[in-house]
Undergrad: 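I have a structure I would like to understand better, so I am pasting it below and will then ask my questions one at a time.
Only this structure's heavy atoms are used, side chains among them; waters, hydrogens and symmetry mates stay out. Computed from a prediction, not measured in an experiment: that's the story for all the values here. Start at 1 and go down the list; that is how both ligands and their atoms are numbered.
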Amino acid sequence: MAVCTVYTAQSLNSSCSISTPSKPHLRFHQKQVIFLTKRPRKMTCSASSDGEKTVVIGLAADSGCGKSTFMRRLTSVFGGAAEPPKGGNPDSNTLISDMTTVICLDDYHSLDRTGRKEKGVTALDPRANDFDLMYQQVKAIKDGVPVDKPIYNHVSGLLDPPEVIKPPKILVIEGLHPMYDERVRDLLDFSIYLDISNEVKFAWKIQRDMAERGHSLESIKASIEARKPDFDAYIDPQKQYADAVIEVLPTQLIPDDNEGKVLRVRLIMKEGVKNFNPVYLFDEGSTISWIPCGRKLTCSYPGIKFTYGPDTYFGNEVSVLEMDGQFDRLDELIYVESHLSNLSSKFYGEVTQQMLKHADFPGSNNGTGFFQTIVGLKIRDLYEQIVASRAGAPVAAAKA
Ligand SMILES: Nc1ncnc2c1ncn2[C@@H]1O[C@H](COP(=O)(O)OP(=O)(O)OP(=O)(O)O)[C@@H](O)[C@H]1O
Ligand SMILES: O=C(CO)[C@H](O)[C@H](O)COP(=O)(O)O
């Protein structure tokens, strides 16, 4: 008599094989019903190439701090253009490419623009966001289950009907709160915080909102001031949890600079993070100061200065790579790149090639673009390591 058995494997995306005397290589997927004449003796599961568990990356920053620019650099590292879902809501915040899906956490605003106004809360306030739904949906995607994600429409300020998000190979959740809720934080395979100092944030906001959106200087100042208490309370503290922080500060090369054009950028990399080895300059663990403006690198005033060394950050051991100043000629970046190690590049000069490819993106002549590109390569490497470790380590499942 045939026996009807429902086997539940460890992961929805796992493919499993069963050895039975009559069907030595029977393959099936979770939740399939299998008819067997004899009980299997042994069952093993491992990730298959078409069934990898989604790797989840978190990117936190305040609005207007370069998240979209970073995402464009990151998705470019994986190849292919990132586009909004085809045939969907034209105001969708989602970007999909072959390997990655980037969702914007603004979509988990529980209060629309009017609702926030009525309650007197900003979008940064946790009360204006649905963290339960964020957690449930990110977890479902990580487990291989599509979700109906809401859409926050930045044009109308309303919550639009949801869009379907299918589990990609890599899910990036970007926005104000990817590391705020402990449950969501625990789902992240890697996390990044873009820490833009107030002076620089102000300069960028003026550039974008005055030049491109016609806002007045006073209204920009007022908007930054209005957000500041909630930014300090709910957004900024997330940096303590980040595996990598890109900190953007005014230059120290120009005394009393208040233009905010030349930047000092620090890449703070946590030690001991699984599948992530910090980049280093010359000699791992040493403290280095390097002014590369010699025969191989053109530097106009105020020049370029790199520093590297160990440090602590919120009680964690970190390595910090810092670049102050800006490049005159992007093609010469190869000279700096060749002095860095653990870049996770696939060929000599890949960072420089990526930077040249996106020379028109903001920050391409300074440490913001340079470090964002490096973090992009590190994320690709992390993803490949996770996939390789899953493929090489079959998981023992139910015993007969
Ligand atoms: N590295 C940079 N150097 C100089 N300016 C930058 C840099 N990154 C971003 N900006 C400026 O900040 C603006 C916002 O950048 P971007 O759209 O990437 O940020 P965002 O965090 O996605 O913003 P939002 O959340 O408001 O959509 C850009 O138009 C640009 O003016
Ligand atoms: O901090 C933000 C994140 O992008 C926005 O201000 C928030 O999402 C509200 O958006 P809008 O101003 O379009 O109503």
Undergrad: Nearest protein heavy-atom contact for atom 3 (N) of ligand 1: which residue, which atom, what distance?
TA: Trp204 CZ2, 3.3 Å
Undergrad: Tell me: protein heavy atom nearest atom 6 (O) of ligand 2, and distance?
TA: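 Looking only at protein heavy atoms, the one closest to atom 6 (O) of ligand 2 is Arg227 NH1, 3.2 Å.
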Undergrad: Do Tyr152 and Ile141 belong together in a cluster built from hydrophobic side chains that touch within less than 4.5 Å?
TA: no
Undergrad: Checking the N or O distance criterion of under 3.5 Å, is ligand 1 in contact with Thr368?
TA: yes
Undergrad: In terms of residue, atom name and distance, what is the protein heavy atom nearest to atom 13 (O) of ligand 2?
TA: His154 ND1, 2.7 Å
Undergrad: Looking at Gly363, which atoms of ligand 1 are within less than 4.0 Å of one of its heavy atoms?
TA: 1 (N), 2 (C), 3 (N)
Undergrad: So, do Phe190 and Ile379 sit near enough that their side-chain heavy atoms are less than 4.5 Å apart?
TA: yes
Undergrad: Nearest to atom 14 (C) of ligand 1, what protein heavy atom do you find, and at what distance?
TA: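 Nearest neighbour among protein heavy atoms for atom 14 (C) of ligand 1, to 0.1 Å: Arg208 NH1, 3.6 Å.
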Undergrad: Give the residue and atom name of whichever protein heavy atom lies nearest to atom 31 (O) of ligand 1, and the separation in Å to one decimal.
TA: Gln207 NE2, 3.3 Å
Undergrad: Counting non-hydrogen protein atoms only, what is the nearest one to atom 8 (O) of ligand 2? Give residue, atom name and distance.
TA: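 Nearest neighbour among protein heavy atoms for atom 8 (O) of ligand 2, to 0.1 Å: His109 NE2, 2.7 Å.
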Undergrad: Ignoring angles and geometry beyond distance, decide whether Gly66 reaches within less than 3.5 Å of ligand 1 through its nitrogen or oxygen atoms.
TA: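 Yes - when backbone and side-chain N and O of Gly66 are compared with those of ligand 1, one distance drops under 3.5 Å.
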Undergrad: Specify the protein heavy atom at minimum distance from atom 18 (O) of ligand 1: its residue, its atom name, and the distance to 0.1 Å.
TA: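 In this structure, atom 18 (O) of ligand 1 has Thr69 OG1, 2.6 Å as its nearest protein heavy atom.
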Undergrad: Check this for me, if you would: do Lys305 and Asp324 make a salt bridge, where the nitrogen-to-carboxylate-oxygen distance has to be below 4.0 angstrom?
TA: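 So Lys305 does not pair with Asp324 through a salt bridge.
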Undergrad: Could you tell me if Asp257 and Thr251 have a donor-acceptor pair between their side chains, going purely by distance under 3.5 Å?
TA: no
Undergrad: Hey, does Val375 have a side-chain heavy atom less than 4.5 Å from the side chain of Leu267?
TA: yes
Undergrad: Could you list which atoms of ligand 1 come closer than 4.0 Å to a heavy atom of Lys67?
TA: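 Result: 18 (O), 19 (O), 20 (P), 21 (O), 22 (O), 25 (O).
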Undergrad: How does Arg116 reach ligand 2, if at all, at less than 4.0 Å between non-hydrogen atoms: by side chain, backbone, both, or neither?
TA: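 Looking at Arg116 and ligand 2, just side chain atoms fall under 4.0 Å.
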Undergrad: If the cut-off is 4.0 Å to any non-hydrogen atom of Ser68, which atoms of ligand 1 fall inside it?
TA: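 Reading through ligand 1 atom by atom, the close ones are 17 (O), 18 (O), 20 (P), 22 (O).
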Undergrad: Report the part of Arg113 (side chain from C-beta onward, or backbone N, CA, C, O) that has a heavy atom under 4.0 Å from ligand 2; answer both or neither where that applies.
TA: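 Under 4.0 Å from ligand 2, Arg113 contributes side-chain atoms alone.
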Undergrad: Under 4.0 Å from ligand 2, counting heavy atoms only, is it the side chain of Leu124, its backbone, both or neither?
TA: neither
Undergrad: Of all the non-hydrogen atoms in the protein, which one sits nearest to atom 24 (P) of ligand 1, and at what distance?
TA: Gly64 N, 3.4 Å
Undergrad: Under the salt bridge (charged side-chain N to carboxylate O under 4.0 Å, His left out) rule, what do Lys270 and Glu317 come out as? Steps first, then yes or no, please.
TA: CA-CA 6 Å; Lys270 217 180 242 177; Glu317 269 185 51; over 6 Å; no
Undergrad: Which of the numbered atoms in ligand 2 are under 4.0 angstrom from any heavy atom belonging to Asp106?
TA: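 Contacts of ligand 2 toward Asp106, numbered from 1: 3 (C), 4 (O), 8 (O).
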Undergrad: Between Arg113 and Glu118, is the closest basic N to carboxylate O distance under 4.0 Å?
TA: no
Undergrad: In the structure I gave you, are the side-chain heavy atoms of Ile165 and Glu163 within less than 4.5 Å of one another anywhere?
TA: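 Side chain of Ile165 against side chain of Glu163, heavy atoms only: contact under 4.5 Å found.
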Undergrad: Ignoring angles and geometry beyond distance, decide whether Tyr152 reaches within less than 3.5 Å of ligand 2 through its nitrogen or oxygen atoms.
TA: yes
Undergrad: Could you tell me if the side chain of Ile196 sits less than 4.5 Å from the side chain of Asp62, heavy atoms only?
TA: no
Undergrad: Relative to the heavy atoms of Cys65, which atoms of ligand 1 are at a distance of less than 4.0 Å?
TA: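 So the answer, numbered in order with elements, is 19 (O), 20 (P), 21 (O).
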Undergrad: Is the closest basic N to carboxylate O distance between Asp112 and Arg116 below 4.0 Å?
TA: no
Undergrad: Please check: side-chain N/O of Glu247 versus main-chain N/O of Asp195, any donor-acceptor pairing under 3.5 Å?
TA: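 Absent.
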Undergrad: Any atoms of ligand 2 less than 4.0 Å from a non-hydrogen atom of Ala123? List them with their elements.
TA: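 Listed by number with element: 7 (C), 9 (C).
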Undergrad: Do Leu321 and Ile268 have side chains that get closer than 4.5 Å, going by heavy atoms?
TA: no
